[in-house]
Structures are given as structure tokens and as C-alpha cells.
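In what follows, a single structure is set out as C-alpha cells and then discussed.
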There are 4 protein chains.
Amino acid sequence: MEEQSRYDAKLTRILRAAAAVFAEKGYHRATIRDISAATGVSLSGLYYYVRSKDELLYLIQRQCFETILESLDSELCDVTDPERRLGLLIGNHLRFFASNMSEMKVLSHEADALSGDYAKEITDQKREYSATVSDLLGALAPQARSVDLRRATFSLFGMMNWIYTWYRPDRDGPVNVLATEMTHLFLRGFAPGVQDGGSRYTNLR
Amino acid sequence: MEEQSRYDAKLTRILRAAAAVFAEKGYHRATIRDISAATGVSLSGLYYYVRSKDELLYLIQRQCFETILESLDSELCDVTDPERRLGLLIGNHLRFFASNMSEMKVLSHEADALSGDYAKEITDQKREYSATVSDLLGALAPQARSVDLRRATFSLFGMMNWIYTWYRPDRDGPVNVLATEMTHLFLRGFAPGVQDGGSRYTNLR
Amino acid sequence: MEEQSRYDAKLTRILRAAAAVFAEKGYHRATIRDISAATGVSLSGLYYYVRSKDELLYLIQRQCFETILESLDSELCDVTDPERRLGLLIGNHLRFFASNMSEMKVLSHEADALSGDYAKEITDQKREYSATVSDLLGALAPQARSVDLRRATFSLFGMMNWIYTWYRPDRDGPVNVLATEMTHLFLRGFAPGVQDGGSRYTNLR
Amino acid sequence: MEEQSRYDAKLTRILRAAAAVFAEKGYHRATIRDISAATGVSLSGLYYYVRSKDELLYLIQRQCFETILESLDSELCDVTDPERRLGLLIGNHLRFFASNMSEMKVLSHEADALSGDYAKEITDQKREYSATVSDLLGALAPQARSVDLRRATFSLFGMMNWIYTWYRPDRDGPVNVLATEMTHLFLRGFAPGVQDGGSRYTNLR
DNA sequence: AATGAATGAGGGTTCATTCAT
DNA sequence: CATGAATGAACCCTCATTCAT
């Protein structure tokens, strides 16, 4: 047991470091040597924990999704109001994003880097997550066609995922404010909301 | 004259093919040999037109920006209403995106792949474009603080740029519809707009 | 300890083989593949021992100088007579040359092939060695101006270094004879020395 | 005739420029493009005057030898005193060297770069020149064995040819002084000559 | 459980040379 | 005569991965 948990702890550390390296240089430009240097584990030593560079990426992405979907479940489970549910989802997404910038950048940016079974598994999780969002939006606009929902879903994901390219807490304010604002933007639109909506939605989270 | 235009034509063809290759495999996984195969030009022959793989990427990105900014200017020049201006901008962006998917994917996805002077020049153009959008949003919401504008600007860009990950005209409908919808989503928000906004904005373009 | 010495031994073997290849084909025409073939180490394996082709050349040249300067020190340390000191220097130089023909050809011939910091370091060592010779000549001719010493120093180096272009022990006799003769030539001149000088200087070494 | 002479003039110009480029960068590192840039002739244009890079080197080296051997003949033809003949030879060699530094550096340094028939022809000329020197030394020391002459000959060549590595007229004085000094060094040796010999030999040339 | 040593398979780039015009 | 355009053959170097220890 001890053994196992020590192994897991080290693997976790490796994944963290790898995510940081991938985030900084991009998956393909990052080398296993970079990760070796970042972790302090020898080049060949890494292969005791991980089968390949591919798997490293896969594990990072999988863990991201697991965590995000888990915490989402626990947030949504006892809320029924669609608008509040959406607010919680956006908050959950952005908060996780902000506290795991490296991992999320990797998840957003390196979607195509995976191949084979790894890719399929991650794609499936992604689809599941999308479906959750789409259903949620469906509840908000029961009359919307599935094409409309699809477009809206991915518009929302675009808004949220794109933050890895620009968001920096020190300059752009805390995540919660961002989440509140994005929620409002998505539900009520840009201009008018700035005036009155701001207060209406601060209690979303 | 003939000479020059033939040279330019071939360079254009090379850039097009290269963009396709970069879009499919990603900049780093794509090899100059791939581009050689895609263009029918020999490996070394490419270097008659381009100094390096880096420059290839730079030229693709620069041309994207030039075209997009130019056509934007000609669309906005005689329109003053802020809402209509925004609609035109979104339409311009998405239409160019949809008809140059490869190039725009490269532009959106490979922002960090450039280095040195190339990177700086593209970054500058990107900043200019962002400023245009930010100003436009400022006209829509005169009381908004610059942080708010910044967040809104990049939220909008997120919505628009993310489409390279999901949008396919055959499945998701024509760009103009997408543009109309996104404009509405951004200005009035999701749910309500589905009911009435659709018609109100179809004449934006 | 074992590890380190085995590593060093292999590096030494590589440097030896590389020197032979560089000597035969010249630095620029020699390829890393040639060296790989000559050593039996795989192409990429070489890069475990050496950072670049440049460094290979640098290491060869540096080791040459280190050895030659060290053995010179130990030869000259307890000799004060200027003529004998010169004889010992010439003997040391030529003997090392003859038993490390490849390395010395590389050192003599590929002076300009190095660049950057590598070049500077080797140039410095070269300057140090020249200064030693110049000082020694200064002791022989106290009234000589520095220009004279400079010309004489490089004339002597010319005589000595040029041998990589023609000297072959089997045809041109043992190095010691060559050294004795060059010493005499340099100190007493050509023609007269042939008659009597030969015997006078054979005991120099 | 006009045609021919214009052709020759241009070829000469090309050889001059090429020699400069080869001297600066070394034969192998110099590119035909460098020569194209240095001459102002287009890359393919050069091939109208020259069959290959090899031939370029060959022509440079051949012309060097022709000139040097010709002028040597005209200097030696009516002098019989062996010492004076040697002085004239050294003067001729060094003077030509100093006024054609690039060409002579190429001749001295790139001896091995030639291959096939080109190499053979140059080698032959080199042998002829060596034989001249050797004969001349033989006349100075009739009792010397051929091994002795060989060693002395190449020692002299070493002194003379090596100057491409160090000699700069502004710092090291005019060639004629250098020639006088080298002649004296070779005939009488270093130290004593500095005192009295200097004057005795200044009239050698 | 961990690593030093080694390698095969490319990857970007260069360069002498050619050929149609 | 001269050149713009094009190419095949290398070349140096990198990197994910393995394996003996």
C-alpha cells in the first residue's frame, strides 16, 4: 500500500511537471528531456511511470476531465433551476481552468496531439461534457433546434476555453468575477448587462 | 512583370498548400517534406521561395491578417451604428474563417509557434485587431471599464476563433447564419434571442 | 570511478579516431558519419560524448596543446642555457608532432575552422605558446627588437608546423635527427652546419 | 579577338574574387553563392566561365604557379652565385606571396582540396618548384645527401609558406626586409646574424 | 526502482549543379 | 551570354525510446 501510494504520488508530480512543460512549449516542441529536467527524474526513469510521451499527454488530459466532471456533478446535483445550473457550470469550468492553467491549456490546445485509443477515450469524455452543456442549454431554450444548441454550446466553450490565451488573474481580475460576467454575457448579452445585470448575477457564485 | 507575377502565384500556391498541411498535422508535426509532397515542389525547391519553415508560418499568418483587416476596413468604413458595426465585424471574421479554414486554424492555433521578429510582427497585428474590437465594444457600452472591455473582447474572440475546432458548414449551417446568431448571442444573450432576435438580425448581412 | 574512466576512455578513443578522419579529409569535408564509421559508434551515439562537430575539433586541439605545453614545461624546467632550451623545445614540438601526426595536422591546418568561444580559447593557448618561443629567442638575442623576434618566432613555427605536409619517418628519417637538424639550421644556418654542426648538436637530445 | 579578351578579363576578375573568398572562408566553407555575390555574376552565370568549383580552385592555383615560376626564371637567369640565387628565390616567393595573399593562402592551405587530374597537375608543378629549390641548395652544399636537401628544402618552404598565417605588412614590416631576414636566417642562422649579418645581406634585393 | 549509454528514424537546411529561356 | 528556377544528395543534429546493469 505504502508502495502504491508513493508510486502514485510520484506519478502525480511527474504529470504536474509535464503539464507545465507542455503548456509552456507545446506538446511537440517539449522533449522528454525537458520533462526529465523539470522533474529531476532521469530520462529512462520516466519510463517506469509512463509508457510513452503520448501516454503522458493522455494521463494529463484524462485527469483533467475526471476532476472537472466530478466536481461538476457535485455542484449540479441539487440544483434544478437551469440558469443557476449554467452559472455553476461556467464557474466550475473557469475555476478549474484558473487553478490548473497548464493542464487546461494542454487540454484545450493539444486536442489533436493524441492518437489511437488515447484519442478516442479523451474524445468520448469531451463529447460527454459537451452533451451535458447542450442538455443544460436545451432546458433553457426548450424550443431550440439541435443545430442551435450545438452552435450555442460551442460558442460557450469557445468563450471559456479561449481564456488560456489571454487570462491572467492579476490583470484580469479573479475568476469568480470572470465567471459571473461570462454567465451574464451568455444569458443576457453584452451591453445592457453591464448596467444592471452585474448585480443581479454576482450571487451566482 | 510576368516573371514577378508567376513567382508570386507560385508562392501563393505554396502558402496555401502549407497552410493545409499545418492545419491538418499542426505546425510542429508537419514536415517540410510533407509540404514538398503537397505542393509537388522538391524539398530544396521550396527554399527558393521561403527562407525557413518559420517564415512559411509567418507568411501564412501575415497574409491572413492583412486580408482580414483590409476587408474589415472596407466593410466598416461607411457604417456608424455600433451594433451594425459589430455585426459586420463578426460576419467578416467568420466568413473569412470559413473560407480559409486551414489558414485560420493555423492563425488561431499556432500563435506561439513563431519566434523572434516574426512573432513580434504578428503579435502587433493581433493587438491592432483586438484594439479595433475593443473600441467597438466601448462604443456600445460607454460606461464600461477597460477591464470589462478586455474580458468582453476576448470572450468574443473565443467564441469566434474556437470554431476551427467544431464548425463544418455542411452540418452546422452557412456562415452567415452562424454570424447572425453569434452577433445576437453576444448582444442579447442566449435564451431570449432564440425566440425573436433571429429575425431582427438576419439583415445584418 | 570505474564509470568515469570508462567514459573518458571512450571519449579519448573517439577523439583519436576523429583526429584521423579530420586529418585525412580535412575538417569540413569530413562528416560525422565518417567519424561514426571510424569509431564504430552510431551517429547519434557520438552526441552522447560530444555536443557538436565543432566541439570535437575543439577538444582535439585543446588536448594537443595541453599535452605539448605540459611536456614542454617538464623538459625546460631545469635547463637554463638558451640554446639547449631551444633545442629541447624544437625536439618536444617535433616529437609530439611525429607521434600525433593526425592531431597536429588538424591543429596546424584547421586553425580557422573553430568559431566563437572555442576559437578564442585555442587562440589564447596558441598565443601563450608563441610567447614562450618568442621569450626564448629573446634570451638568445637580447638586442633583437620585438618585430625581429616576431618574425623569427613565426619562421621557426613555419619550419616546424609545415612538416605535416611532407614529413614521413620512413623516408625522411627519425624525428630526433630532424629536430637536431632544424635546431642547427635555425641557430647556425644551412650550408656550414652540414659539415660540422651535425655532430655538435646530436647530443641535444 | 575582342570577345576573347573580354572573356579572359572577366575570368580573371572571377578568379581574383574567388581567391579572396576562398582565402577568407576556406575552400569548402566558401560557396559558389559567395563567389557569385563577390563577383556580381549570377550563380549560373559563373558556369559559363568555369566548369565547377573544383576548376575554380585549380585555375587559381595554376595561375599562381605559372606566375611565380615565370618571374623566378627571369630573376635567376643571369645570376650564378648560389647564395645570391637563393636570396632572389626567397625574395621572389615572398614578394609574390605578399602581393597575392589570397591566392597564395589558397595555394598553401588548400593543397588537398583538389582531386583527380587537377590535383596531379598542380602537384607536378609543385614538385618542379621544389626540385628547383633543392637543386639550388645542392649547389650551396655539394656534399649534402638528398635526404638532407629534402629536409632543408621543406624547412625553407615551411618558413616561407607559413607566413599566410601571421604576416601583415603594416605590422611586420615590408616584404623585402622579411625576405632579407629569412635569407639570412636560413643561411647563417638566427642569433649571430642579428648583430652583423643584417647589413651584409640587405643588398640581396 | 532507477539510470547511463546507446541508437534508428527522421527533421530542417545547404549547396553544387543544371536547364529552359 | 546570362539568369531565374529547380533539384538530388548530403549534412548536422535531435529525440523518443530501449536495455544492460
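Naming convention: chains lettered A, B, ... in sequence-line order (proteins, then strands); numbering from 1 in each chain.
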Upstream residue (5' side of DNA chain E) when B:Y47 and C:S42 are each assigned their closest nucleotide: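 Of the two residues, C:S42 wins.
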Toward the 5' end of DNA chain E, by each residue's nearest nucleotide, B:D54 or A:G40: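 Residue closer to the 5' terminus by nearest nucleotide: A:G40.
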Base E:dG11 to side chain B:T31, donor-acceptor N/O within 3.5 Å cut-off: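 Between E:dG11 and B:T31, which were checked side chain against base, a qualifying N/O pair under 3.5 Å is absent.
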Donor-acceptor pair (no angle test) under 3.5 Å: B:R33 side chain, E:dG10 base: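 There is none.
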Atom pair distance, as rounded to whole Å: [atom1] in [X] and [atom2] in [N]:
{"X": "A:L43", "N": "F:dT14", "atom1": "CG", "atom2": "P", "result": "15 Å"}
{"X": "C:R29", "N": "F:dC12", "atom1": "CZ", "atom2": "P", "result": "13 Å"}
{"X": "B:L56", "N": "E:dG12", "atom1": "CG", "atom2": "P", "result": "11 Å"}
{"X": "C:I35", "N": "F:dC12", "atom1": "CD1", "atom2": "C1'", "result": "11 Å"}
{"X": "B:H28", "N": "F:dT14", "atom1": "NE2", "atom2": "P", "result": "15 Å"}
{"X": "A:R6", "N": "E:dA2", "atom1": "CZ", "atom2": "C1'", "result": "14 Å"}
{"X": "B:E55", "N": "E:dG12", "atom1": "CD", "atom2": "P", "result": "15 Å"}
{"X": "A:I32", "N": "F:dT17", "atom1": "CD1", "atom2": "C1'", "result": "9 Å"}

Short side-chain donor-acceptor distance under 3.5 Å, D:Y27 and D:D54: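 Yes, because at least one side-chain N or O of D:D54 sits under 3.5 Å from a partner of the opposite role on D:Y27.
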Sugar-phosphate, base or nothing in reach of D:Y7, heavy atoms under 4.0 Å: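 No contact at all - D:Y7 keeps every heavy atom at 4.0 Å or more from the nucleic acid.
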Sugar-phosphate, base or nothing in reach of D:Y48, heavy atoms under 4.0 Å: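 Sugar-phosphate contact only.
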CZ (A:R29) with more than 12 external heavy atoms under 6.0 Å: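 For A:R29, atom CZ is crowded (more than 12 foreign heavy atoms under 6.0 Å).
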Atom pair CZ/CG of B:R62 and B:L107 - distance to nearest 0.5 Å: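 The CG atom of B:L107 is 13.5 Å from CZ of B:R62, to the nearest 0.5 Å.
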Which nucleotide in E:dA6, F:dT17, F:dA2 has an atom nearest any side-chain atom of D:K10: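 So the side chain of D:K10 is nearest to F:dA2.
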Aromatic ring pairing B:F97/B:Y164, orientation class (parallel under 30°, perpendicular over 60°, tilted between):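 B:F97 and B:Y164: parallel rings.
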D:Y7 and D:Y48 aromatic ring geometry - parallel, tilted or perpendicular at 30°/60° bounds: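 Because their plane-to-plane angle is over 60°, the rings of D:Y48 and D:Y7 count as perpendicular.
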Who pairs with F:dA20 - Watson-Crick or G-U, where each distance is under 3.5 Å: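 Because both required distances fall under 3.5 Å, F:dA20 counts as paired with E:dT3.
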Short side-chain N/O contact from D:Y49 to OP1 or OP2 of F:dC1, under 4.0 Å: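 For F:dC1, OP1/OP2 do not have a side-chain N/O of D:Y49 under 4.0 Å.
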